[in-house]
Amino acid sequence: MKSEKITRYVLFAVSFIILLIFAGMVFSLAGGAIPVFKEYGLKFIFSSDWNPTQGREFYGALPFIAGTLLTSFVALLICLPLSFSTSLFIAEYYHKTRVAKFLGTMVDLLAGVPSIVYGLWGFYALRPVIISLGLSDQGFGVFTSAVILAIMIIPYATSLSNEIITMVPNELKEAAYSLGATRFEVIFSVIFPNARSGIVASYILALGRALGETMAVTMLIGNANIIPKGLFSTGNTMASLIANQFGEADGLKLSALIAIGLLLFLITGIVNAIGKYIIRKMS
Amino acid sequence: MIENNIDIQNPVLSIRNLSIAYDEKKFAVKDVNAEIEHNAITAIMGPSGCGKSTLLRAINRMHELYPSIITKGDILLNGDSIYQMQTIQVRRKIGMVFQRPNPFPTMSIYDNVIAGYKLNGIKLNKNQRDEIVEKSLIDVTLWDEVKDSLFKKGTFLSGGQQQRLCIARTLAFNPDVILLDEPTSALDPIATAKVEELLVDLKKKYTIVLVTHNMSQAARISDYSMFMYLGELIEYGKTNSMFTNPKNPKTEEYLTGKFG
Amino acid sequence: MSVRSEILYVDNTRQRKIRNSIFKIAVILLSVITISPIILIISKLIIEGIGQINFDFFTQLAPDTFQAMSAKINGEKIPGGIVNGITGTLFIVILASVMAIPIGIITGIYLYENKNKWYANFIRNITDILQGVPSIVLGIIGYLWIVKNITYGFSALAGSAALAIMMLPLIIRSTEETMKMVPESIKEAGAALGVPYHRIILKVMIPSSFSGLMTGILLAVSRIIGETAPLLLTTLGSPVINFEIDKPTSAVPLLIWNFYNDPNMIDLIWSSSLFLMGFVLILNLISKRIIAHKEKN
């Protein structure tokens with residue numbers, strides 16, 4: 001039938017747009033990044049100097065790579081006990097009860113809060129707390145950003161962990177209870193080992209989220225173009241740097257920012273791919 | 001109306017006026033009284049939904065995993081009320097084997113056998129561990145089949161082997177009573193025969209309570225039989241006399257296949 | 001006697017029960033900590049933001065700092081509203097939807113129709129990767145493709161293109177999932193009657209999965225409506241209402257970004273955030289309703 005062929009061809013052609021978009025993204029990012037790599041080579045990645053002053057112009061991405069990784073990993077560390085407990089609350093201790101549903105809805109709501117609103121709340125509500133605790137003078141820095149990031153990625157880590165914890169067969173839990181195990185022992189000897197790879201995957205995917213977050217971090221990290229000296233030091237992340245400096249950039253600086261975008265694209269891509277791979281291997 | 005034509009010599013378990021409800025109105029077990037004989041196999045039969053599994057689970061308090069369960073009455077283990085003991089200890093003394101084989105898939109065969117000790121945080125030295133594993137696997141006639149792959153995951157075993165591994169896991173704890181909830185319903189006839197043979201052998205050392213929907217299995221291996229219907233214990237007696245001469249017309253109907 | 005009965009059973013029940021209880025308490029406590037931010041955030045937004053939400057808020061342009069400052073000095077409310085932001089957000093989101101919805105739905109149908117072909121799997125993987133791309137990177141793409149090459153300047157089109165790429169994976173995935181729910185028999189009934197393939201898609205598959213498609217679209221919109229980072233590099237912002245696709249355009253999140261650390265403007269910023277949050281919540285609620293309604297039938 002001729003019309004059927006045409007329809008199938010149209011479907012195929014439209015799906016091909018996705019491929020074009022993706023290929024175009026890689027092509028444009030790589031193309032935009034070429035000048036800076038031509039100029040500095042790999043020094044661009046490994047140098048910690050970022051100096052846009054004319055004449056002494058030099059662009060090194062290391063402070064931002066370090067800032068991104070540091071804030072994201074600290075965020076993951078903060079998120080871990082919170083999200084693990086919430087998953088156990090929803091999927092094990094109070095599974096299918098009203099209070100678990102309420103908790104689940106609240107966690108879902110966290111995913112709906114726009115990044116900029118997290119930033120605003122962090123700026124006006126969290127920062128004063130950090131200052132009054134004496135953790136830093138202005139309240140800006142890696143730790144403040146990481147706390148906000150942790151809150152932002154909790155729903156991503158939790159929803160997948162919930163599913164995986166519920167998937168642990170009841171028969172195994174019963175077997176452990178019948179041997180006299182307490183709930184604590186069932187959680188750590190049965191649930192956790194059986195759900196381990198899925199739980200790990202959910203945290204990897206949450207990490208992928210944290211790496212690319214922009215606005216909230218931009219408003220809280222202090223935007224200092226240095227490698228953070230510690231947990232309470234200011235710094236900058238790849239995404240924040242782009243957000244802050246893209247507007248007035250041209251020439252080599254623009255290329256450097258695009259190159260940082262390319263690096264961010266690659267890092268989040270790899271992290272997400274690892275997470276997805278683990279999940280696919282599980283099922 | 002309960003017809004007990006039975007004279008238990010050495011009761012290990014005494015079930016006293018036991019009633020269990022999932023909610024106020026729906027009683028799954030109604031006022032059951034029974035004594036369970038030492039070193040014998042007692043089968044609990046009845047149509048599905050008659051409360052036989054709930055009764056079995058109540059014996060090691062597994063039914064309490066449902067949060068809203070209501071339990072009335074008492075069960076005595078060697079004279080002590082299990083509801084006065086810690087659940088942890090009840091379950092150590094009264095082991096349970098389930099419908100579908102459920103070895104822990106993340107543990108090796110070896111670790112599965114001593115899983116009870118591991119879960120309960122009981123420290124054993126290597127000799128003790130080895131001996132328990134070997135002894136328990138010999139007891140379930142699995143030793144020769146798995147002795148070369150003790151440290152592999154138990155998931156490659158056949159269904160029948162997995163179920164025997166689960167029985168070994170229970171035996172490793174040296175319980176007084178072993179409860180089995182339709183242990184052969186997921187197995188093929190050959191594996192079933194092996195498990196039945198094993199249970200007859202094990203009753204020399206253990207008291208066994210078996211829930212089954214398979215009447216001929218009850219007839220083949222049990223010494224005493226209970227027939228339950230709608231939560232009530234209708235008839236309880238020596239297996240051969242109950243199968244040849246049931247006292248209650250309901251029992252007769254069930255045994256002759258009129259319902260079930 | 002066997003070793004099994006010789007082993008001394010150390011009674012560790014008490015410690016284990018205590019450990020069990022302590023762990024449970026810790027789980028409950030940490031869970032409460034987990035949900036406290038959302039409660040704190042929403043209450044803060046309401047307390048700080050409700051005061052500025054009035055008729056002007058929806059009808060007037062955003063004031064400049066000076067107007068806001070003089071109002072503050074006189075103890076008045078900040079004049080003006082965020083109508084340029086609201087119209088801009090709606091404009092950009094509608095543009096993005098116009099681009100993303102057809103492509104997304106058609107690709108979703110394609111993936112559903114070609115479940116196991118390698119090419120479909122390949123597209124599925126690319127969709128997964130696209131979903132993980134940080135929004136700021138999409139901003140760069142919008143800039144490189146549209147700002148530099150099509151509109152030759154910051155524009156609503158550039159921002160909506162970036163947001164459309166964000167929406168695509170969400171719509172593709174939800175379309176594929178809802179198509180799986182359409183009973184095979186309905187499609188076969190259509191095919192048996194000799195109905196052409198494109199009409200089966202348009203008249204059978206899409207209508208019978210309409211609520212699922214709507215849910216996916218609403219969730220995608222709720223995901224992009226608060227996005228700021230890509231707009232920063234593409235639409236820039238504007239003090240006036242703009243409905244031309246090749247001109248800079250304001251958006252509610254852009255207004256928040258521009259004025260968040262301006263002490264004169266902060267009241268209006270809280271209100272804008274409350275508005276944005278409310279908008280996202282309503283979209284989520286509607287889509288949840290649709291799902292719940294569908295599960296009932």
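Order of the sequence lines fixes the chain letters, A, B, ..., with proteins taken first and strands second; residue numbering starts at 1 for each chain. All of these numbers come straight from a predicted model, not from anything done at the bench.
- With a threshold of 4.5 angstrom between heavy atoms, A/Ser28 approaches chain C through its backbone and through its side chain.
- Neither the backbone nor the side chain of C/Ser222 comes within contact range of chain A; no heavy atom of the residue lies under 4.5 Å from a heavy atom of that chain.
- Between chain C and the options A/Met238, A/Arg183, A/Arg8, the largest number of non-hydrogen pairs under 4.5 Å is found for A/Arg8.
- For C/Ile41, the parts sitting under 4.5 Å from any heavy atom of chain A are the backbone and the side chain alike.
- Residue C/Tyr119 qualifies as enclosed at atom OH: its count of foreign heavy atoms under 6.0 Å is above 12.
- Using a cutoff of 4.0 Å between basic side-chain nitrogens and carboxylate oxygens, C/Asp128 and A/Arg280 are scored as salt-bridged.
- Using a 4.5 Å cut-off between heavy atoms, C/Leu45 touches chain A through its side chain atoms alone.
- Between the side chain of C/Thr235 and the backbone N or O of C/Gly159, no donor-acceptor pair lies under 3.5 Å.
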### Message
Could you walk me through whether C/Arg289 and C/Leu285 satisfy the side-chain contact (heavy atoms from CB on, under 4.5 Å) test, starting with their C-alpha distance in whole Å, then the side-chain angles of each, then the deciding distance to 0.1 Å, before giving a yes or no?
### Response
CA-CA 6 Å; C/Arg289 269 288 154 78; C/Leu285 272 180; 5.8 Å; no
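- Contacts of A/Ile187 with chain C are made by side-chain atoms alone, with heavy-atom separations under 4.5 Å and no backbone atom involved.
- In this structure, A/Lys5 is not positioned above the aromatic face of A/Tyr9 in the sense of NZ or CZ being under 6.0 Å from the six-membered ring centre and within 45° of the axis.
- Contacts of A/Phe12 with chain C are made by both backbone and side-chain atoms, with heavy-atom separations under 4.5 Å.
- Using a 4.5 Å cut-off between heavy atoms, C/Ile42 contacts chain A through its side chain alone, with no backbone atom that close.
- Both the backbone and the side chain of A/Thr182 come within contact range of chain C, judged by heavy atoms closer than 4.5 Å.
- Contacts of C/Glu227 with chain A are absent, with no heavy-atom separation under 4.5 Å from either backbone or side chain.
- The number of heavy-atom neighbours closer than 6.0 Å to NZ of C/Lys115, taken from other residues, nucleotides and ligands shown, is above 12.
- By the 6.0 Å contact criterion, NZ on C/Lys148 is open, its count of non-hydrogen atoms from other residues, nucleotides or ligands being 12 or less.
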### Message
Determine whether C/Phe259 and C/Asp262 satisfy the following criterion, side-chain contact (heavy atoms from CB on, under 4.5 Å), listing intermediate values before the conclusion.
### Response
CA-CA 5 Å; C/Phe259 298 116; C/Asp262 181 339; 4.2 Å; yes
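- Proximity to chain A is absent for every atom of C/Leu219, based on heavy atoms less than 4.5 angstrom apart.
- Both the backbone and the side chain of A/Leu120 come within contact range of chain C, judged by heavy atoms closer than 4.5 Å.
- When each of C/Ile109, C/Leu283, C/Leu233 is scored by its heavy-atom pairs under 4.5 Å with chain A, the top score falls to C/Leu233.
- Neither the backbone nor the side chain of C/Ile22 comes within contact range of chain A, judged by heavy atoms closer than 4.5 Å.
- Of the residues considered (A/Gly212, A/Ser15, A/Pro114), A/Ser15 shows the highest number of contacts with chain C, using heavy-atom pairs under 4.5 Å.
- Side-chain contact check for A/Thr7 and A/Glu4: no donor-acceptor pair (N or O, by modelled atom type) lies under 3.5 Å.
- When atom types are taken as modelled, the side chain of C/Ser271 and the backbone of C/Asp267 share a donor-acceptor pair closer than 3.5 angstrom.
- Top candidate by heavy-atom pairs under 4.5 Å with chain A, chosen from C/Leu281, C/Ile266, C/Ile269, C/Ile200, is C/Ile266.
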### Task
Before giving the answer on side-chain contact (heavy atoms from CB on, under 4.5 Å), spell out for C/Leu231 and C/Leu163 the whole-Å C-alpha distance, their side-chain angles and the decisive distance to 0.1 Å.
CA-CA 8 Å; C/Leu231 301 187; C/Leu163 295 186; 4.1 Å; yes
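- Interface residue C/Ile103: backbone and side-chain heavy atoms are both found under 4.5 Å from chain A.
- Interface summary for chain C: among A/Thr268, A/Ile18, A/Val10, the most heavy-atom pairs under 4.5 angstrom belong to A/Ile18.
- Aromatic ring pairs are classed by plane angle as parallel below 30°, tilted from 30° to 60° and perpendicular above 60°; the pair A/Phe192 and A/Phe84 is perpendicular.
- With a 4.5 angstrom heavy-atom cutoff, A/Glu213 does not touch chain C via any of its atoms.
- For the set A/Ile260, A/Ile17, A/Leu19, the entry with the most heavy-atom pairs within less than 4.5 Å of chain C is A/Leu19.
- When atom types are taken as modelled, the side chain of A/Arg209 and the backbone of A/Tyr156 share no donor-acceptor pair closer than 3.5 angstrom.
- The part of A/Leu254 that comes within reach of chain C is its side chain, from C-beta onward, which places non-hydrogen atoms under 4.5 angstrom from that chain.
- Proximity to chain C is absent for every atom of A/Ala216, based on heavy atoms less than 4.5 angstrom apart.
- Looking at C/Leu29, there are no atoms closer than 4.5 Å to chain A (heavy atoms on both sides), in backbone or side chain.
- Contacts of A/Tyr94 with chain C are made by side-chain atoms alone, with heavy-atom separations under 4.5 Å and no backbone atom involved.
- In this structure, chain C has a heavy atom under 4.5 Å from the side chain of A/Ile151, while its backbone stays farther away.
- The part of C/Leu130 that comes within reach of chain A is its side chain, from C-beta onward, which places non-hydrogen atoms under 4.5 angstrom from that chain.
- The aromatic rings of C/Tyr143 and C/Phe154 sit tilted relative to each other, their planes meeting at an angle between 30° and 60°.
- Contact of C/Leu274 with chain A is not made at all, since no heavy-atom distance falls under 4.5 Å.
- Proximity to chain A (any heavy atom under 4.5 Å) is restricted, for C/Lys288, to the side chain, taken from C-beta onward.
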### Message
The test is side-chain contact (heavy atoms from CB on, under 4.5 Å); show your working for A/Ile116 and C/Leu254 and say whether it passes.
### Response
CA-CA 9 Å; A/Ile116 187 112; C/Leu254 279 177; over 6 Å; no
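- Listed options C/Ile126, C/Asn114, C/Ile165, C/Val280 were ranked by heavy-atom pairs under 4.5 angstrom with chain A; first place goes to C/Ile126.
- Using a 4.5 Å cut-off between heavy atoms, C/Ile172 touches chain A through its side chain atoms alone.
- With a threshold of 4.5 angstrom between heavy atoms, C/Ile39 approaches chain A through side-chain atoms but not through N, CA, C or O.
- Without hydrogens or angle criteria, C/Arg173 side chain to C/Gln131 main chain gives no donor-acceptor distance under 3.5 Å.
- A donor-acceptor pair under 3.5 Å links the side-chain atoms of C/Ser43 to the main chain of C/Leu40, judged by distance alone.
- Ring-centre distance between C/Tyr260 and A/Tyr124: not below the 6.0 Å cut-off.
- With chain C as partner, the option from A/Leu103, A/Ile154, A/Val107 having the largest number of non-hydrogen pairs under 4.5 angstrom is A/Leu103.
- Contact count versus chain C (heavy atoms, under 4.5 Å) is highest, among A/Asn272, A/Leu109, A/Leu205, for A/Leu109.
- How far CG of A/Leu88 is from CG of C/Leu30: 10.0 Å, rounded to the nearest 0.5 Å.
- Atom CZ of A/Phe188 is surrounded by more than 12 heavy atoms from other residues, nucleotides or ligands within 6.0 Å.
- With chain A as partner, the option from C/Arg199, C/Lys24, C/Lys17 having the largest number of non-hydrogen pairs under 4.5 angstrom is C/Lys24.
- With a threshold of 4.5 angstrom between heavy atoms, A/Phe89 approaches chain C through its backbone and through its side chain.
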